[in-house]
Amino acid sequence: MSNSIATLYHRMGFELPYSVWRRKGESDQLEEMMNPTKMDPLNLKSVRGEAIQTFFEDTEQKVQFTYADDYCIFLIFTEKRKVSENDLALLFDFFYKGYAEFVDVTGRVKLAKIVDSISYTTASLNLEQVFSNILTHTLEVITNADYGTLWLYDETKKKIVCKASEGYRYEEIRHMEFEVGEGPVGHVFEQGTPVLIKDPSDLDFGEVKHISKENKQRWGRRVEDITNIRSVIAYPIVVEERIECVMYLGQMHSEYVLTDRDLWLLQIFTTQVGIAIRNAKQFANIRELNDTLMQRDAIHATLTDLSVRNMGTEKMVEELSRMVGQPLVFVDLLTNEMVPTMSMLPKGLSFSNLLRIIQKESHAKRIELNTKEADVLYPIRSGSVVLGCLIAKSPQTIRRLGEVALEQGSSVLALERVQKQNVLAFYYKNQQDLFDELLHTNDPELLNEKAEALGIRDSGGFVVAVLQVTGCSDPQELEAHIFRIIAELRSAAGALVQTVFGWQNKVILLAGVAGAIELSFFERQLNEMLVYRADGRNDYTLNGGIGSLIHSYSEIERSYREAEIALTNPLAGKFNHKLVRYTDIGISRLFTSRNTEEVSKFLTDIFNPLSEIDRSGGMLEQTLLVYFEKNRSVGEAAETLHIHINTLYQRLKKIEEVLGLSLKNADDALQLQLACYLHQRA
């Protein structure tokens, strides 16, 4: 920093011999910051007053820069010179960095004192001793305070009474009793917000400092009046969301008033103070609580060891059941599996029901079910993604240690599930690669090899289906949806599904179907899945397409391409939320998502000219659509439109003129008929 100081002084034109000294905190020692000519600091004593002060001593000129927290900088010149106010302000700001570093260091020291004192403060199980410890360590941290008292609400007396005092005679003030709202103590207890009084004469604190005549008399002559102070902090201590007591700190004789920084330090400290008071009040249960805290690490270590050694979910659930003292059931809501495997879901609930319940209670760590057994769910999540849950049958028998085990177990199980999810995703990627190789091989021997690797076996017939998830932007959530769909497919049609895997936002599956009956059953299962997810309760949309029945490995590619065409066919709107079969889309199979733009342009070229010339609200367009709908029967078309047959001929002639086409020309007639077909289904 000395180089920076020298550079700054040179630029400011300070060529005279000078030195810079620093005094920090309550220390009387001066620290040399810059002294190129080895000047003697003489007797530098800080002077109270303005932030920047200039004074003279013998032949030297001195400038004192005073910051908060007893931090001063002294600049000494060997002879008098005029320093402008701007230069002084610049120097004050320049030295502020050193002050900020000092504040940071001292703040850390004070915080360290707080941390060190917490263990000692909370060590006692005696409430009176806890109060004494609190005040002792508070005054070590808040050094500007002369004394401190702790005030507790007495339920019997309905008054706030003093339970501990440091810096004043406890016997002389312990008889004081405040009403709720009386004085700084009563005011803070009532309002629940801390009070910092830097100037008791301020009218804003008139009501806060009001104290009854009886309390003033009880205070005693040997102790200064509670209102005769320089600064005060009254801080509420909260225990389990309830104001338990009030800490009162006063400054009478010390040089510096209490500050907002002291208030901030108290905020940190009193959080732990609340814990200490709660522990002391719960003396009867403290041993069990301590045992619980001591065993938390042991529980976590045991479960983590099982995970690291890859002992599996079964062993982990078994160990958790032992810790909790009752059999637990783990439900995997990605693969719809249960551990132990022979377990049953709560009566009346399904995997999807459990998933919805947990998703609705997005932040709950414990969910009670309205079941006969009063089952309780302990959700297992990775971020916002629900991975599964633990189910306890008799939650009322679970003690605190069991709750800790469930809390720790949920975290370890979440990690184990995420690892399994990653393995499953890798497996599906491998399956996709194998399937892609199968689609692009013509070698019969290699074809059989790839089919065997995918688990495809000869069953008399095959069919490929493709399901697609849309509307889900979160990659983790999307992957979870894919896993759940695959699990449901295995459950609904597992006997027929020979290979199934997820890839990006799609699920690709190949089923072995011996004939039309099995194919119909398989299509019905897929269709029910799609319809169920169309009820608006999901945050995504599921669509599906299925190819035609095939009978050999070499035709699998064709069935797969057909399923994709059925899925991406933009004209399949009439199949909304239902499985689209390639065999049902007819001529629409020619118009997949790859050429949607061309279809749109084709329709625009036909119908826009009619709309522009038609001044009777779509009369020409309607006439053309009805004409081809009635298979070009002028009589039926005229009857449907409720017009004379000659009027129909006139309209058709007008259409021909506008479009430059002729209905007598086979190509033109086919073009118009196709436009009408696409228009009705687009």
Side-chain angles (χ1 to χ4, degrees), residues 334-337 351-352 424-440 447 450-470 478-533 540-569 575 577-584:
L334 290 182
T335 59
N336 289 355
E337 296 173 342
F351 290 109
S352 57
L424 199 55
F426 180 79
Y427 169 76
Y428 287 154
K429 174 62 171 64
N430 185 56
Q431 292 295 94
Q432 192 276 334
D433 291 340
L434 285 173
F435 189 76
D436 191 58
E437 291 172 5
L438 181 145
L439 297 181
H440 293 88
L447 197 62
K450 298 299 180 184
E452 183 179 354
L454 286 165
I456 302 173
R457 58 196 179 280
D458 192 3
S459 57
F462 306 101
V463 67
V464 178
V466 179
L467 307 181
Q468 179 174 271
V469 174
T470 56
L478 174 61
E479 187 174 66
H481 289 321
I482 294 295
F483 289 169
R484 294 182 187 123
I485 291 168
I486 292 175
E488 189 172 341
L489 284 168
R490 292 189 184 279
S491 175
L496 298 178
V497 175
Q498 293 196 8
T499 188
V500 59
F501 57 89
W503 176 241
Q504 296 178 343
N505 68 331
K506 292 181 180 179
V507 173
I508 301 165
L509 65 155
L510 182 144
V513 289
I517 295 177
E518 287 189 352
L519 175 61
S520 177
F521 170 78
F522 181 65
E523 290 176 341
R524 187 164 60 253
Q525 295 300 312
L526 294 183
N527 195 61
E528 288 178 1
M529 283 184 59
L530 297 174
V531 172
Y532 176 75
R533 283 169 171 76
Y540 67 94
T541 302
L542 183 64
N543 299 305
I546 187 169
S548 56
L549 183 63
I550 57 175
H551 299 282
S552 67
Y553 295 159
S554 61
E555 295 179 295
I556 291 176
E557 181 187 12
R558 176 167 64 82
S559 185
Y560 170 70
R561 302 303 177 196
E562 291 173 352
E564 279 201 321
I565 290 173
L567 177 68
T568 59
N569 170 36
F575 301 104
H577 302 309
K578 293 183 179 180
L579 181 68
V580 180
R581 298 191 299 179
Y582 178 78
T583 55
D584 288 344

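Asn430 meets the side chain to side chain contact (heavy atoms under 4.5 Å, CB included) test with Leu434; sequence neighbours excluded. Judged as a side chain to side chain contact (heavy atoms under 4.5 Å, CB included), and not counting sequence neighbours, the contacts of Glu523 are Leu519, Ile546, Leu579, Arg581. Listed by chain and number, the residues in a ring-ring contact (aromatic ring centres under 6.0 Å, His included) with Phe483 are Tyr428 (sequence neighbours excluded). With sequence neighbours excluded, the residues forming a side chain to side chain contact (heavy atoms under 4.5 Å, CB included) with Ala480 are Leu334, Val385, Glu477, Arg484, listed by chain and number.
Checked options Thr499, Leu454, Leu510; the residue passing with Leu438 is Leu454 (criterion: side-chain contact (heavy atoms from CB on, under 4.5 Å)).
The side-chain heavy atoms of Leu439 and Ile556, taken from C-beta on, include a pair separated by under 4.5 Å. Side-chain contact between Ile508 and Tyr560: present, with at least one pair of heavy atoms (C-beta onward) separated by less than 4.5 Å.
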Take Lys506 and Glu564, measure what side-chain contact (heavy atoms from CB on, under 4.5 Å) needs, and give me the verdict at the end. CA-CA 11 Å; Lys506 292 181 180 179; Glu564 279 201 321; 3.7 Å; yes

Using side-chain contact (heavy atoms from CB on, under 4.5 Å), reason through Leu467 and Leu567 one step at a time and then give a plain yes or no. CA-CA 8 Å; Leu467 307 181; Leu567 177 68; over 6 Å; no

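Of all non-hydrogen atoms in Ser548 and Ser559, the two that sit nearest each other are O-OG, 3.2 Å. Heavy atoms only, all atoms of each residue included: Val513 and Glu518 are closest at CA-OE1, 3.3 Å. Here the closest non-hydrogen pair linking Phe351 and Glu337 is CE2-N, 4.1 Å. Residues Ala566 and Gly545 approach most closely at CB-CA, 4.1 Å, considering heavy atoms.
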All N/O donor-acceptor pairs, side-chain side in residues 458-465, below 3.5 Å, sequence neighbours left out:
unit_1, atom_1, unit_2, atom_2, d
Asp458, OD1, Gly460, N, 3.3
Ser459, OG, Gly461, O, 3.0
Ser459, OG, Gln498, NE2, 3.4

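Rounding to the nearest 0.5 Å places CG of Leu489 at 11.5 Å from CG of Leu496. Rounded to the nearest 0.5 angstrom, Met529 CE and Arg524 CZ are separated by 15.0 Å. Atoms CD1 and CG, on Ile486 and Asn336 in that order, are 11.5 Å from each other to the nearest 0.5 Å. Interatomic distance, Glu452 CD to Tyr553 OH, rounded to the nearest 0.5 Å: 8.5 Å.
Screening residues 494-524 for ring-ring contact (aromatic ring centres under 6.0 Å, His included), with sequence neighbours left out, gives Phe435-Phe501.
Looking only at atom types and distance, the side chain of Glu528 has no donor-acceptor partner in the side chain of Tyr532 under 3.5 Å away.
In this structure a side-chain-to-backbone donor-acceptor pair under 3.5 Å is missing from Asn543 to Gln468.
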